[in-house]
Peer 1: 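Dropping a structure here in structure tokens format, bear with me for questions.
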Amino acid sequence: MTNISTNNFFKNIVDGSNEALVFVSPNAEISNEINQYVIVYANKKAESLFANTQESIQNREIKELPKFLEFGELLNHLNSVIKSKKHEAFNFVQKVGHKNLNMHFKIESHDSGLLIGITEAKVSYVVHKESNLQEDDLKARINELEISNLFSYGVLDSYDSMVSYLRPIFDDHYVISDFRIDYINNRMDDITQEESEFIIGKTFCEYYPQNFENGVFEKLKECFYSGQNQDYIKEFFFNEQSYWLSNRAVKMNDGIILFSKDITREKKNEEQLFIQNRLLLEAEHVANIGSFRWNLGKEEIKYSENVYRMFGFEPKELDSKYDRLLAFVHPNDIDKVKDSFHQARISKTKTDLVFRIYTKSNDLKYMNTIGECYQKEGNRYMVGVIRDVTKQIEAESKLQAKNAELKRTNSDLEAFNRVASHDLQEPLRKIQMFVSRLFEEEKDSMSLRSQGYLEKVKSSSNRMRNLINNLLSYSKVDEVEEQPKRIDLNDVLISALDDLGERIDDIGAEVASDALPVVNGVQFQLEQLFANLIGNSLKYVKKETRAKIQIKSKIISRNEIPTELLSFGGNFVKLQFIDNGIGFEKKYEEKIFEIFQRLHGKNEFSGTGLGLSICKKIVQSHNGIIQAKGELDKGAEFTIYLPVLQ
Amino acid sequence: MDKLRILLVDDDEDDRQFFADALEGIELNTELRQLENGKSCMEYLIQETENPPDLVFLDLNMPIMNGFECLEAIRRTPHLKDILVAIYSTSSAERDIEETFEKGANIYIKKPSSFSELKKSLKQVVKINWAYHLNDFKKENFLLKI
């Protein structure tokens with residue numbers, strides 16, 4: 001071990017360690033029982049920990065060290081390692097100055113002595129993280145490495161980089177065919193949980209076959225033949241996990257020293273950052289958004305790539321003078337833009353404005369920019385986004401035009417309603433009036449035939465009145481002024497049955513209903529809905545069959561709600577109006593709701609062909625849907641889904 | 001009490017005829033005057049201070065001065081503000097009915113489409129008029145929709 005102290009390389013490495021290292025050799029001269037250990041070597045850390053003078057602690061006896069108060073205990077440990085040749089580790093509290101330090105001791109047995117490693121237990125984690133020897137420093141020391149020096153292995157294990165010594169294997173033609181791993185420190189353990197012993201002695205090819213495909217082998221060969229250091233960063237896979245190692249190969253005697261540092265985390269962060277930047281750029285591109293950062297002091301502005309594209313340029317095609325892009329602003333908007341930025345600068349408020357620009361190819365575009373000022377390290381900045389809102393603005397103006405058109409159409413419709421309600425009804429009312437007077441005053445003097453004609457006039461004008469009224473209520477479904485309110489459908493049913501009472505009695509119909517829920521709606525419309533549906537059933541009865549109308553009601557679960565209603569949320573009721581009348585063919589299930597759609601001749605059944613169209617409109621305006629199901633001669637079934645109140 | 005003086009204001013000649021015939025038909029002691037629009041109605045009512053009508057029937061849709069305007073003018077005129085006004089119109093719009101009541105109408109009659117119905121309505125109104133005058137109802141609360 002005597003050559004240790006002369007070995008500069010070793011000294012440098014060991015001095016760089018954060019572990020206090022002391023190599024002691026036993027002194028058994030006095031008796032068989034060793035009670036004396038001489039310090040052969042102490043690294044810098046150990047010197048600073050134990051020496052209280054400038055004088056080195058080297059060549060002194062451990063016992064003499066003033067701070068080893070618990071010498072007896074330490075002596076026991078040292079003796080025990082000497083005998084057993086097994087490592088020992090233990091903690092004890094050591095008084096250093098006025099402080100109590102929790103020290104961690106490691107004792108290893110070597111040929112001619114014991115290596116004692118001492119760390120402060122509490123800070124060991126931090127120490128470990130920071131004890132990262134710079135590769136540059138290593139470079140200077142590397143030439144002096146005595147690889148056969150067993151002692152240095154222990155030191156190298158305290159590295160957080162992997163260190164290995166590789167010796168070339170030559171084939172019959174003296175060409176390097178592989179490398180043998182003569183040494184590797186225990187850092188590989190962190191990655192593969194393999195102890196150094198399992199790796200040492202293997203060839204490079206055995207240990208990591210891909211080294212021959214990924215260029216590593218070539219690098220090492222190059223290093224060996226040329227004597228030049230080789231640096232490379234490569235991704236390796238151990239246990240199917242990716243590791244990024246930063247490597248330096250250094251020619252050393254008849255082999256190569258390979259330093260490998262695990263930079264997986266840094267690499268991943270870097271990758272993440274890269275991806276995030278990429279994503280941001282992509283997102284800006286897709287969303288037609290650009291961003292900028294304006295250094296207000298330097299009048300310099302940094303645009304993201306997409307800003308250039310939005311203005312019709314290639315990224316970075318323009319310089320970063322802040323007023324460069326102002327040249328593209330529409331002349332009428334320039335003052336507005338300048339004012340707004342000026343305001344934002346002095347009042348430190350947000351700026352948010354829309355302005356027009358002409359792109360490089362002279363297209364007019366609308367831009368919306370939002371910027372905010374902030375201060376950082378004494379500099380004032382404005383950051384913001386620019387958004388191309390041309391499409392929105394165009395869509396808005398289209399919408400406005402459509403709205404105006406709709407208003408016109410609506411007022412046309414209103415005018416039509418007025419005409420229908422007043423101007424059409426007026427002459428009709430008079431016809432009815434005169435007819436009624438004729439019946440009242442002249443009936444006796446009329447022939448039976450004339451009376452018959454007059455009957456026809458009367459029924460025709462009644463039909464016409466019904467038609468006008470139905471048309472009016474159809475066109476008015478959407479424009480009720482009444483606010484929807486809580487409506488109990490049981491009340492609605494009662495008043496609808498009230499209206500139809502006479503007809504129900506006439507044909508002796510049987511009406512049965514479940515208890516009905518409460519909905520949000522317009523009373524008179526719901527009454528009309530019920531009256532129309534029940535009225536239909538009363539109208540289309542089968543001959544010689546007692547008319548039966550059944551009304552079923554059920555609050556349905558979420559998965560029973562028709563898909564077109566799912567967006568409304570809340571609970572729905574399923575109402576079914578089922579009769580045993582003449583029904584209708586299945587093919588009319590949709591058609592039946594169309595306006596003026598009649599399935600029967602006027603002579604068979606009275607009606608205007610508007611009843612079910614009105615029903616559909618009323619249900620729709622109550623956020624529901626109505627469906628029809630029919631079978632000829634078997635009856636009709638109308639199903640209504642309506643949102644219910646809790 | 002003398003004859004019940006009734007004033008009908010309607011631009012439609014047929015309707016006036018129906019009205020007159022129906023009034024005659026119900027054989028109550030009435031006297032009918034007919035005018036064609038709101039303006040002539042107001043001119044008549046302002047100069048006729050001695051024997052104002054007991055009951056005014058107002059059509060709504062009339063030229064020159066319509067029923068709404070005429071109703072407002074009547075209620076603005078001090079000596080007419082308590083006169084019983086019945087609106088007599090084809091409109092059954094809830095909006096029109098409410099508006100006329102707000103403007104001071106007492107009765108609203110939708111013009112019927114049969115002659116017997118008209119006679120029934122008129123009989124009812126005339127009877128109510130007697131009650132109105134005899135019992136001195138709180139006039140502003142006296143509303144009726146037929």
Side-chain angles (χ1 to χ4, degrees), chain A residues 413-444 446 454-455 457-483 485 499 522-525 527-528, chain B residues 8-27 32 34 36-38 57-63 66-69 87-102 108-123 145-146:
Chain A
L413 212 66
E414 255 171 51
F416 166 78
N417 273 345
R418 245 193 335 273
V419 169
S421 65
H422 187 262
D423 303 8
L424 278 183
Q425 291 196 70
E426 253 322 273
L428 181 63
R429 189 179 55 80
K430 279 198 193 159
I431 292 169
Q432 290 181 304
M433 200 66 151
F434 281 117
V435 169
S436 76
R437 288 197 74 173
L438 273 176
F439 260 108
E440 218 170 279
E441 293 159 16
E442 312 289 336
K443 199 177 175 188
D444 297 341
M446 268 192 273
L454 210 56
E455 256 329 316
V457 174
K458 195 177 162 185
S459 67
S460 290
S461 49
N462 277 341
R463 261 186 60 72
M464 186 158 176
R465 172 158 299 264
N466 277 338
L467 190 61
I468 291 171
N469 284 339
N470 277 338
L471 228 122
L472 272 176
S473 60
Y474 178 78
S475 69
K476 276 181 183 163
V477 169
D478 292 331
E479 48 174 86
V480 272
E481 284 161 12
E482 236 174 279
Q483 283 301 310
K485 51 186 179 213
D499 289 348
V522 179
Q523 174 95 21
F524 83 88
Q525 287 190 338
E527 277 175 24
Q528 190 172 13
Chain B
L8 171 66
V9 190
D10 194 335
D11 61 319
D12 190 306
E13 204 189 328
D14 292 332
D15 273 337
R16 288 203 305 270
Q17 193 57 52
F18 291 145
F19 192 95
D21 292 348
L23 202 59
E24 206 184 303
I26 59 177
E27 293 169 344
L32 179 68
Q34 301 178 25
E36 286 178 26
N37 62 57
F57 284 85
L58 266 185
D59 184 20
L60 286 179
N61 194 10
M62 291 183 290
N66 69 29
F68 294 106
E69 293 162 337
I87 301 298
Y88 182 60
S89 161
T90 45
S91 169
S92 59
E94 207 57 46
R95 213 183 313 158
D96 289 345
I97 297 171
E98 262 169 44
E99 193 181 340
T100 53
F101 280 147
E102 271 164 28
Y108 196 102
I109 304 170
K110 185 183 175 329
K111 287 182 181 172
S113 52
S114 97
F115 193 61
S116 57
E117 239 179 278
L118 176 58
K119 284 193 281 193
K120 219 159 88 187
S121 298
L122 287 183
K123 213 181 268 180
K145 196 171 117 190
I146 296 171

Peer 1: Calculate, to the nearest 0.5 Å, the distance between atoms CG and CZ belonging to B:Asp21 and A:Arg437 respectively.
Peer 2: 4.0 Å
Peer 1: Would A:Met433 and B:Asp14 count as a side-chain contact (heavy atoms from CB on, under 4.5 Å) here? Give the steps.
Peer 2: CA-CA 10 Å; A:Met433 200 66 151; B:Asp14 292 332; over 6 Å; no
Peer 1: Between B:Asp15 and A:Arg429 (salt bridge meaning N to carboxylate O under 4.0 Å), is one present in this structure?
Peer 2: yes
Peer 1: Is there a side-chain contact (heavy atoms from CB on, under 4.5 Å) between B:Lys119 and A:Glu440? Walk through the geometry before answering.
Peer 2: CA-CA 12 Å; B:Lys119 284 193 281 193; A:Glu440 218 170 279; 2.7 Å; yes
Peer 1: Determine whether more than 12 heavy atoms belonging to other residues, nucleotides or ligands lie under 6.0 Å from atom CD of A:Glu455.
Peer 2: yes
Peer 1: Would the number of heavy atoms belonging to other residues, nucleotides or ligands and lying under 6.0 Å from NZ of A:Lys430 be above 12?
Peer 2: yes
Peer 1: Measure the OG-CD distance between B:Ser113 and A:Gln425 for me, rounded to the nearest 0.5 Å.
Peer 2: 9.5 Å
Peer 1: What verdict does the side-chain contact (heavy atoms from CB on, under 4.5 Å) test give for B:Phe115 and A:Phe434, after you've listed the backbone C-alpha separation in whole Å, the side-chain angles of each residue and the deciding distance to 0.1 Å?
Peer 2: CA-CA 8 Å; B:Phe115 193 61; A:Phe434 281 117; over 6 Å; no
